[in-house]
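Quick note: residue numbers are just sequence positions, from 1.
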Amino acid sequence: MLNQGWIIARVPIDDKERTAQLVELLVEDNADGRSRRHTLRPWLWYERPVLDRFEGHECGLTVEGPIYQSRDGTGYPLGSQLRTEFGWLDLTPEETNKLADDVRSAIDLVLHRWFARPDMAERRLPSRQSRQRYFDDHLARNLIQSATPPTASQEDERHGQ
């Protein structure tokens with residue numbers, strides 16, 4: 001945004017270039033920009049800074065900051081809000097730490113179970129691979145199309161109707 005002369009916020013001089021790059025990514029008028037904006041939208045719903053969000057199909061937990069240190073050195077978030085189809089529940093800092101730990105453990109269990117599946121052995125890599133957007137996006141679209149049944153109009157096209 002610097003090249004367009006917009007003032008978005010006051011940031012330390014050392015961060016202005018990176019801030020401008022992040023804003024440029026957010027305002028891209030394409031699928032990537034829409035995805036980035038969609039990702040940020042829920043973070044802006046809350047009044048306190050959001051430290052973590054855990055979203056299930058029917059429930060969500062929003063952990064609110066900042067982190068405060070207790071006398072024993074344990075960090076506690078301000079609290080959290082648990083959302084279900086039945087309503088909302090405000091949790092204390094201690095309840096938040098316990099619940100967030102339980103959710104992280106459940107996530108670890110499911111992800112490790114998936115990673116350890118025998119059919120995944122050949123696909124495991126020692127480090128994260130960078131994305132080659134053109135190739136990866138094309139491959140992902142093909143995989144999605146092959147995994148989903150054709151629509152009625154696609155069937156008609158295939159049979160020349």
Quiz prompt | Working for side-chain contact (heavy atoms from CB on, under 4.5 Å), residues Ser80 and Thr62 | solution = CA-CA 5 Å; Ser80 62; Thr62 303; 5.9 Å; no
Quiz prompt | Val103 with Leu111, same ILVMFWY side-chain cluster at under 4.5 Å | solution = yes
Quiz prompt | Gap between atom CG of Leu139 and atom CD1 of Ile144 - 0.5 Å precision | solution = 9.5 Å
Practice problem: Give, for atom OH of Tyr76 and atom CG of Asn97, the distance between the pair rounded to the nearest 0.5 Å. | Solution: 6.0 Å
Practice problem: Using the salt bridge (charged side-chain N to carboxylate O under 4.0 Å, His left out) rule, collect all pairs that involve residues 84-96, keeping only residues at least two apart or in two chains. | Solution: none
Self-check item: Minimal non-hydrogen separation, Ala100 against Val63, with atom names
Solution: CB-CG2, 4.5 Å
Quiz item: Tell me the side chain to side chain donor-acceptor pair (under 3.5 Å) pairs involving residues 104-116, sequence neighbours left out?
Solution: Asp52-Arg104
Quiz prompt | Spacing of Arg53 atom CZ and Gln81 atom CD [to the nearest 0.5 Å] | solution = 11.5 Å
Quiz prompt | Donor-acceptor under 3.5 Å (Arg37 side chain, Asp32 main chain) | solution = no
Self-check item: Contact check, side chains of Gln21 and Leu25, non-hydrogen atoms, under 4.5 Å
Solution: no
Quiz prompt | Joint cluster assignment, Phe54 & Leu89, ILVMFWY side-chain distance < 4.5 Å | solution = yes
Quiz item: So how far is it from Ile67 CD1 to Gln69 CD, rounded to the nearest 0.5 Å?
Solution: 7.5 Å
Practice problem: Applying side chain to side chain contact (heavy atoms under 4.5 Å, CB included), name anything that partners Arg141, two or more places apart in sequence or on another chain. | Solution: Asp137, His138
Exercise. Look at Arg36 together with Glu24 and state whether they make a salt bridge at an N to O cut-off of under 4.0 Å.
Key: no
Quiz item: Got Glu55 and Arg83 here, is their nearest side-chain heavy-atom distance under 4.5 Å?
Solution: yes
Practice problem: Could you list the residues that satisfy side chain to side chain contact (heavy atoms under 4.5 Å, CB included) with Asp72, not counting sequence neighbours? | Solution: Ser70, Thr74
Practice problem: Can you see which heavy atom on Pro93 is nearest to which on Pro77, and at what distance? | Solution: CB-O, 3.2 Å
Quiz item: For Asp29, does the CG atom have more than 12 heavy-atom neighbours from other residues, nucleotides or ligands under 6.0 Å away?
Solution: no
Practice problem: Please check if Leu78 and Val50 belong to a single hydrophobic cluster, counting links between Ile, Leu, Val, Met, Phe, Trp and Tyr side chain heavy atoms closer than 4.5 Å. | Solution: no
Quiz item: Once you round to the nearest 0.5 Å, how far does CG of Leu51 lie from CD of Glu64?
Solution: 8.5 Å
Self-check item: Partner residues of Arg123 under the side chain to side chain contact (heavy atoms under 4.5 Å, CB included) criterion, sequence neighbours left out
Solution: Met120
Quiz item: Looking at residues at least two apart in the chain, or sitting in another chain, which of them share a side chain to side chain contact (heavy atoms under 4.5 Å, CB included) with Phe115?
Solution: Arg124
Exercise. Measure the spacing between CG of Leu91 and CG of Leu99 and express it to the nearest 0.5 Å.
Key: 6.0 Å
